[in-house]
Amino acid sequence: MTERQRLAKLLRDCSKYSLLNRGLQTHVTTVKMGLGLDLIINNSLVDMYGKCNRLDMASLVFDKMPERNVISWTTLMGGYLCQGNAKATLSLFCQMGSSEVKPNDFTFSTSLKACGFIGIAENGMQIHVLCIKTGFEWNLVVANSIIDMYSKCGKIVESTRMFDIMPTRNLISWNSMIAGYTNARQSSKSLHLFKRMQEHGEIPDEFTYSSVLKSCAGLGAVQEGRQIHASLITRGFPILIQTIMASALVELYIKCRWLPEARKLFDRIEDKNVISWTAIIAGYAQEGKLQETIDLFRQFRKTGIQLDGFVLSSMMGVLADFALVEQGKQIHSYMVKVPYGLDISAANSVVDMYIKCGLTVEAEKCFNEILARNVVSWTVMISGYGKHGYGKDAIRLFEEMQLENIKPDEVSYLAVLSACSHAGLIEEGNKYFSTLCKDQSITPKVEHYACMVDLLGRAGHLKEAKDLIENMPLEPSVGIWQTLLSACRVHRDLEFGREVGEILLRLDGDNPVNYVMMSNIYAEAGEWGECQKVREAMKEKGLKKEAGCSWIDIDKEVHFFYGGDDTHPLIERIHEVLKVMERRIKEETGYAHGVKFALHDVEEESKEESLRVHSEKLAIGLALVHGGLDRGVVSVFKNLRVCGDCHEFFKGLSKVLKRVFVVRDANRFHRFEDGECSCGDYW
DNA sequence: CTAGGGTTAG
């Protein structure tokens, strides 16, 4: 073996195991040996630096090369892609196009993967056409890349077409197609193809099972999932060694809401990689387990494994749900610094985070900076406007999206309908609902009907709303009846409320929420006897209302409060300031505590009057004590819906103090300004 | 000396 061959092999190993220091040493040696201009050595150097995430060095070597072949170009493209910088990969592909060098099969598969990463079908289609023209379309690897590219761009029909007409297939072709169906949420097609591939004599591997298990989870086919798991064990599949398999199982258990099982499996994975970490972090995030998610993220960072857009968007999701704006901003500022940071999912998660933290202007800014907005980007912004009560803006965006040739999907319709109902835009809501019903590619779900029930209910058309529920082609959910029930409460229609309440208790008699709603309706109507009966029924069943919890971020510290909470060190001053404010509000606006809303929450009934302060009020009280008013808008967050009494109090407070208060509850944002609320007192 | 399938966001 010559010295040159030895050094090339050494560099190959450095690439494979990401050994940067060893690679740097070898780089020096090659120069000393007079191989600084050697094509193969330089290609290996580009690859090594690329795999070690030193794209600065990789492009330095590349730029200084006296001659470059197709491998030089492809290697550098792959380096950028590895780092998540798919745009750089494609721009290199274009630059290469204007040079002498012609692309080969490796070049095409790399650039197709980059297109899939970005998710824009137009780019991918152009490259597909180039593959046809240059005769690479039926190269097996290239064809597989095309299948995957289309499915990543949401063009599952194109993937299928490619798969059906390709002359030869291998395991990866089948796996790509199965994964395509799985990700397109066409679980039955995915399982069907799984069967077909075995009939063709193809042996599934861990990638196959990963998709198939996910489809089982998607169908809620827990039994089948368990069966596959069991058959894997009896077949001696080395599950716990195979990270991929273990990650798939972790995911399956998470989807089936078996978090503890998932955790057990995760802990036993020997070689955890970024994908297994993402799976478990996303699992805890989606279950709303804030502390565990943050702890896991910290542990993950300690491993030194490179972050990517996937794990960052998962993290952002949980921070958004808890409205932890300071931590969200921290991750955002990290994202803008790294090239992979703002790929489309991550960028969308940033917009959503700002929306959920009440910073609409920031959200708009980030939304406008996204160059290639997809349907999720638009939907986040539309539903964001909806949550904040900006119905007209939501509608404007919904129309604009379609002008940009992005077709709304079921979630987009949900966003615009709920924006209409929140803003009381009855006519517009009706219009969009009928467009939705005419759209052949979308089947309206219960949630869409629930928006319409809310819309009709707001207008006081309770009978129409009930007819809609009873005549819709779907099984009514608990939630849709609850929507109708709260409309009955707002319109003080006791008889109708009683009727709906009975249906609800028959349907979902173990849910404390229903009892609380009914008892509130009776209490507001002054029917204390009935009210008492409902509460006793609830008590007999041993049901407890979910504890109300609010929190506020003051100087980057999050303070949590429960209803009647007296554990905060400043609690006495909080009560004091609240009392002063109540007096001022009464004097200046005539509002009196508890007169308009004589609601008695079941949980709090037995407590002393002085402790019957809701968590959202305590949180606002803390802001007042802290002089939080100097910083403009005061934002408070609550896990349940804000109560009517607190709502009146915040209105008064905004008038008396001439300040804006924002309360985000489980459903929407309430922006209190000059004695009014953005929700128009309907929520 | 270069490439393809498993994770994320509404």
Side-chain angles (χ1 to χ4, degrees), chain A residues 5 8-9 11-12 15 38-48 50 69-79 81 104-113 116 139-149 151-152 170-180 182-183 205-214 242-248 250-251 273-283 285-286 308-317 320 343-353 355-356 374-384 409-412 414-415:
Chain A
Q5 283 171 328
K9 185 180 180 309
L11 285 172
R12 220 171 29 243
S15 290
D38 186 276
L39 179 63
I40 293 182
I41 290 289
N42 276 321
N43 283 347
S44 305
L45 281 168
V46 172
D47 188 45
M48 181 275 295
N69 63 5
V70 60
I71 299 179
S72 327
W73 285 93
T74 309
T75 306
L76 190 60
M77 284 168 61
L81 188 57
N104 67 7
D105 43 351
F106 286 67
T107 322
F108 281 121
S109 64
T110 305
S111 48
L112 285 162
K113 190 178 178 185
N139 173 291
L140 191 51
V141 176
V142 172
N144 288 343
S145 304
I146 292 171
I147 293 177
D148 187 55
M149 178 275 294
S151 95
K152 294 248 162 57
N170 65 1
L171 180 58
I172 296 180
S173 326
W174 289 95
N175 283 350
S176 302
M177 202 56 235
I178 290 174
T182 301
N183 294 329
D205 69 355
E206 57 268 37
F207 283 89
T208 326
Y209 284 115
S210 169
S211 296
V212 170
L213 286 172
K214 198 173 165 189
Q242 306 249 15
T243 309
I244 295 170
M245 220 28 245
S247 296
V250 165
E251 234 194 299
N273 64 7
V274 66
I275 294 177
S276 27
W277 278 102
T278 305
I280 194 81
I281 288 174
Q286 282 155 15
D308 66 10
F310 290 87
V311 71
L312 286 176
S313 30
S314 292
M315 259 331 275
M316 199 58 110
D343 63 48
I344 191 66
S345 302
N348 292 342
S349 76
V350 172
V351 177
D352 190 49
M353 183 274 294
I355 288 288
K356 287 185 176 150
N374 63 10
V375 65
V376 178
S377 327
W378 289 92
T379 307
V380 168
M381 206 56 218
I382 292 167
S383 87
D409 66 8
E410 50 182 54
V411 191
S412 324
L414 207 53

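Lettering follows sequence order; numbering is per chain, from 1. Computed over heavy atoms, backbone and side chain alike; hydrogens, waters and symmetry mates excluded. As the structure is a computational prediction, the values presented were derived from the model and not from experiment.
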Query raised in the report: Which part of the nucleic acid, if any, lies within reach of A:Val411 when heavy atoms closer than 4.0 Å are counted: base, sugar-phosphate only, or nothing?
Result: base
Report task. Name the nucleic acid region contacted by A:Ser383, choosing base, sugar-phosphate or nothing; use a 4.0 angstrom heavy-atom cut-off, strictly under. Result -> nothing
Report task. Using a 4.0 Å heavy-atom cut-off across all strands, classify A:Val46 as base, sugar-phosphate, or nothing. Result -> nothing
Report task. Test for a donor-acceptor pair under 3.5 Å between the base of B:dA3 and the side chain of A:Asn104, counting only N and O atoms. Result -> no
Report summary line: Closest to the side chain of A:Asp352, out of B:dG10, B:dG6, B:dT2, is B:dG10
Query raised in the report: Is DNA chain B part of any stem, that is, at least 3 consecutive Watson-Crick or G-U pairs with both distances under 3.5 Å, and where?
Result: none
Requested in this report: Using whole Å, report how far CD1 of A:Ile275 lies from C1' of B:dT8.
Outcome: 11 Å
Query raised in the report: Does B:dG6 have A:Phe207 stacked on its base, where the ring centres are within less than 5.5 Å and the planes differ by under 30°?
Result: no
Query - OP1 or OP2 of B:dG6 under 4.0 Å from side-chain N/O of A:Lys152 - result: yes
Report summary line: Whole-Å distance, A:Asp409 CG to B:dA9 P, equals 15 Å
**Report entry** Whole-Å distance separating the CG atom of A:Asp308 from the C1' atom of B:dA9
**Finding:** 13 Å
Report summary line: Checking B:dA9, B:dA3, B:dG10 against the side chain of A:Ser109 (C-beta onward), the nearest is B:dA3
**Report entry** Length of the line joining A:Lys356:NZ and B:dA9:P, which is rounded to integer Å
**Finding:** 10 Å
Report task. Give A:Ser377 one of three labels, base, sugar-phosphate or nothing, depending on what nucleic acid heavy atoms sit under 4.0 Å from its own. Result -> nothing
Report summary line: With the side chain defined as heavy atoms from C-beta on, A:Val141 is closest, among B:dA3, B:dT2, B:dG10, to B:dA3
Query raised in the report: Looking across every strand, which nucleic acid part, if any, lies under 4.0 Å from A:Asn183 by heavy atom: base, sugar-phosphate, or nothing?
Result: sugar-phosphate
Query - Flag, side chain of A:Asn42 to backbone of A:Asp38, donor-acceptor distance under 3.5 Å - result: yes
Report task. Could I get the full list of ring pair (Phe, Tyr, Trp, His ring centres under 6.0 Å) partners for A:Phe108, not counting sequence neighbours? Result -> A:Phe136
**Report entry** Euclidean distance, atom OH of residue A:Tyr209 to atom C1' of B:dT7 [Å, nearest integer]
**Finding:** 21 Å
Query raised in the report: Is any N or O donor-acceptor pair between the side chain of A:Ser313 and the base of B:dT8 shorter than 3.5 Å?
Result: yes
**Report entry** Under 3.5 Å donor-acceptor pair, A:Thr110 side-chain atoms to B:dA3 base atoms
**Finding:** no
Query - For atom NZ of A:Lys113 and atom C1' of B:dG6, their distance in whole Å - result: 11 Å
Report task. Return yes if the base of B:dG10 and the side-chain atoms of A:Thr379 contain a donor-acceptor N/O pair under 3.5 Å, otherwise no. Result -> yes
Report summary line: Sequence neighbours excluded, the answer for salt bridge (charged side-chain N to carboxylate O under 4.0 Å, His left out) partners of A:Lys356 is A:Asp321, A:Asp352
Report task. Could you tell me whether A:Ile281 contacts a base, only the sugar-phosphate backbone, or nothing, with contacts defined as non-hydrogen atoms closer than 4.0 Å? Result -> nothing
Report task. Assign A:Leu140 to base, sugar-phosphate, or nothing according to its heavy-atom contacts below 4.0 angstrom with the strands shown. Result -> base
Query raised in the report: Between the side chain of A:Asp205 and the main-chain N/O of A:Thr208, is any donor-acceptor distance below 3.5 Å?
Result: yes
Requested in this report: Mind listing the closest non-hydrogen atom pair of A:Leu140 and A:Ser173 along with its distance?
Outcome: CD1-OG, 4.0 Å
Query - Distance (rounded to the nearest 0.5 Å) between A:Ser313 OG and A:Asp308 CG - result: 8.0 Å
Report summary line: Side-chain contact check for A:Ser210: nearest option of B:dA9, B:dG10, B:dG6 is B:dG6
Query raised in the report: Backbone N or O of A:Ile40 within a donor-acceptor pair of the A:Ser44 side chain at under 3.5 Å?
Result: yes
Query raised in the report: Touch check for A:Ser211, heavy atoms < 4.0 angstrom, all strands: base, sugar-phosphate only, or nothing?
Result: nothing
Query raised in the report: If you look at every strand shown and take non-hydrogen atoms under 4.0 Å, does A:Thr75 touch a base, only sugar-phosphate, or nothing?
Result: sugar-phosphate
**Report entry** Protein-nucleotide distance (A:Met353, atom CE; B:dG10, atom P), rounded to Å
**Finding:** 13 Å
Query - Rounded distance (nearest 0.5 Å) linking atom OG of A:Ser109 with atom NZ of A:Lys113 - result: 9.0 Å
Query raised in the report: Contact class for A:Gln286 vs. all strands (heavy atom < 4.0 Å): base, sugar-phosphate, or nothing?
Result: sugar-phosphate
**Report entry** Distance, rounded to the nearest Å, where A:Leu414 contributes CG and B:dG10 contributes P
**Finding:** 13 Å
**Report entry** Nearest to side-chain heavy atoms of A:Ser345, which nucleotide of B:dT8, B:dG10, B:dA3
**Finding:** B:dT8
Query raised in the report: A:Lys214 and A:Asn183: side-chain donor and acceptor closer than 3.5 Å?
Result: yes
Report task. Using a heavy-atom cut-off of under 4.0 Å over every strand shown, decide if A:Gly309 touches base, sugar-phosphate, or nothing. Result -> base
